[in-house]
Amino acid sequence: AARLRIGIAGYGNLGRGVVAAVDRCADMELVGIFTRRDPAQVTPPRADVPVLPWDQLLEHREDIDVLVLCGGSKEDLPEHGPALAAHFTTVDSFDTHAKIPAYYGAVDDAARAGGHTAIISVGWDPGMFSLNRLLGEALLPDGETYTFWGKGLSQGHSDAVRRVAGVAGGVQYTVPSEEAIDAVRSGRRPELTTRQKHRRECYVVLEEGADAAAVERAIVTMPDYFADYDTTVSFISAEELARDHAAMPHGGFVIRSGSTGAGSSQVVEYRLELGSNPEFTASVLVAYARAAARLHAAGQVGAKTVFDVPPGLLSPKPADQLRAELL
Ligand code: NDP
């Protein structure tokens, strides 16, 4: 069978992860990477993968089966999602929670008008965690769902730390509470406050002459970001920041704790422990790219989410083989 031809729109952390993920899929090949920057300024992953200017995207409509959108959720995808779904079958990782319904509507209109298929908000959260929350609730209607994140680097909270006056650099890790997770796993269905579920660890490089105590106070009392959590601030050197905090680990847990029958306790857990958040997110995007191509081939146009995709379509294996491997 012909290999699935993948294009990448936007080349940041996620874009690099998509290259690595496609390389591990025997049924796929990379057509090229499209960037809004000057392609000459962007280092290609390999000699055989061209980096091309964004305005050449439409010229490649016929050689790309699925375009993986790797722009940021805040500024890029609200524009790229609908504009590109009009011309390509797409997958993206749009994760601005409150705006997903409006984004779905805009992408759906564009995809239907162009006769394309677009799977939006793919990744781990939203994405695999959403799917596992849905399964837990559907299978155990009498129950409670718990999501814990971390230990992981949070981009938004790291940005907030770096905006504090006197901070030269820094990162923030979200850390789930072991006691809270144990209480949930016990099946007791505890009621947990924000503070009881997660704490926040900041590693900060000070600007020369900055007041450490003032910086720490500004961070731990910051509303919305840190004030509702137990937050620790550790001061480190620029060398330590570069050496020890460059990886982007993340992960978490979705746990459904419910009861059936006369009160039998049923606890279901899905756990991720990710050495690289963008590389895992990209791996999920690439599996859903396979499904997007198959949905499109079956005439299912418009916007979809992970809830609309049968899991068999994610697998490179044919349906009869999957049936033989059911047990
Ligand atoms: P990046 O900031 O690394 O990349 C976003 C875009 O910025 C790129 O597509 C690229 O576009 C541009 N860019 C990247 N590097 C540079 C640079 N050096 N100079 C100028 N521009 C650059 O974001 P990520 O790849 O880490 O994440 C993308 C989105 O994925 C996030 O916004 C997040 O919302 C989402 N995400 C979703 C997850 C989920 O579970 N659903 C999990 C993780 C992330 P161009 O090449 O055109 O310049």
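In what follows, residues are counted from 1 in the order of the sequence shown. Counting starts at 1 for both ligands and their atoms, following the listed order. As the structure is a computational prediction, the values presented were derived from the model and not from experiment.
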Which one of R36, R16, H250, Q155 has a non-hydrogen atom at the shortest distance from atom 12 (C) of ligand 1?
-> R36
Sub-3.5 Å N/O-N/O distance, D95 and ligand 1 | yes
What protein heavy atom sits nearest atom 31 (C) of ligand 1, and how far off is it?
-> S73 N, 4.0 Å
Work out whether the distance between some heavy atom of G15 and some atom of ligand 1 is less than 4.0 Å.
-> no
protein heavy-atom neighbour closest to atom 20 (C) of ligand 1 works out as R37 CD, 3.3 Å
Looking only at heavy atoms of P278, does any of them come nearer than 4.0 Å to an atom of ligand 1?
-> no
If we only count N/O pairs under 3.5 Å, is F34 in contact with ligand 1?
-> no
Might you work through the side chain to side chain contact (heavy atoms under 4.5 Å, CB included) test for Y146 and R189, ending with a clear yes or no?
-> CA-CA 9 Å; Y146 299 85; R189 296 199 220 169; 3.7 Å; yes
Counting only heavy atoms, which portion of D125 has something under 4.0 Å from ligand 1: side chain, backbone, both, or neither?
-> backbone
Is it the side chain, the backbone, both or neither of N277 that has a heavy atom closer than 4.0 Å to ligand 1?
-> side chain
Given that the side chain starts at C-beta and the backbone is N, CA, C, O, which of these parts of P126 lies under 4.0 Å from ligand 1, counting heavy atoms, or is it both or neither?
-> both
For atom 2 (O) of ligand 1, state whether the nearest protein heavy atom is under 4.0 Å away.
-> no
Examine F129 together with W124 and report whether their ring centres are nearer than 6.0 Å.
-> yes
Closest by any non-hydrogen atom to atom 40 (O) of ligand 1: pick that one out of Y11, F94, F280, W124.
-> W124
If you compare A9, P39, G71, G12 by their heavy atoms, the one closest to atom 28 (C) of ligand 1 turns out to be G71
Option whose closest heavy atom lies nearest to atom 38 (C) of ligand 1, chosen from T281, V42, D38 | T281
For atom 25 (O) of ligand 1, closest protein heavy-atom neighbour | L14 N, 2.8 Å
When only distance counts, is D76 in polar contact with ligand 1, meaning an N/O pair under 3.5 Å?
-> no
Non-hydrogen atoms of G127 versus ligand 1: any pair closer than 4.0 Å?
-> no
Please confirm whether V122 comes under 4.0 Å of ligand 1, counting heavy atoms of the residue only.
-> yes
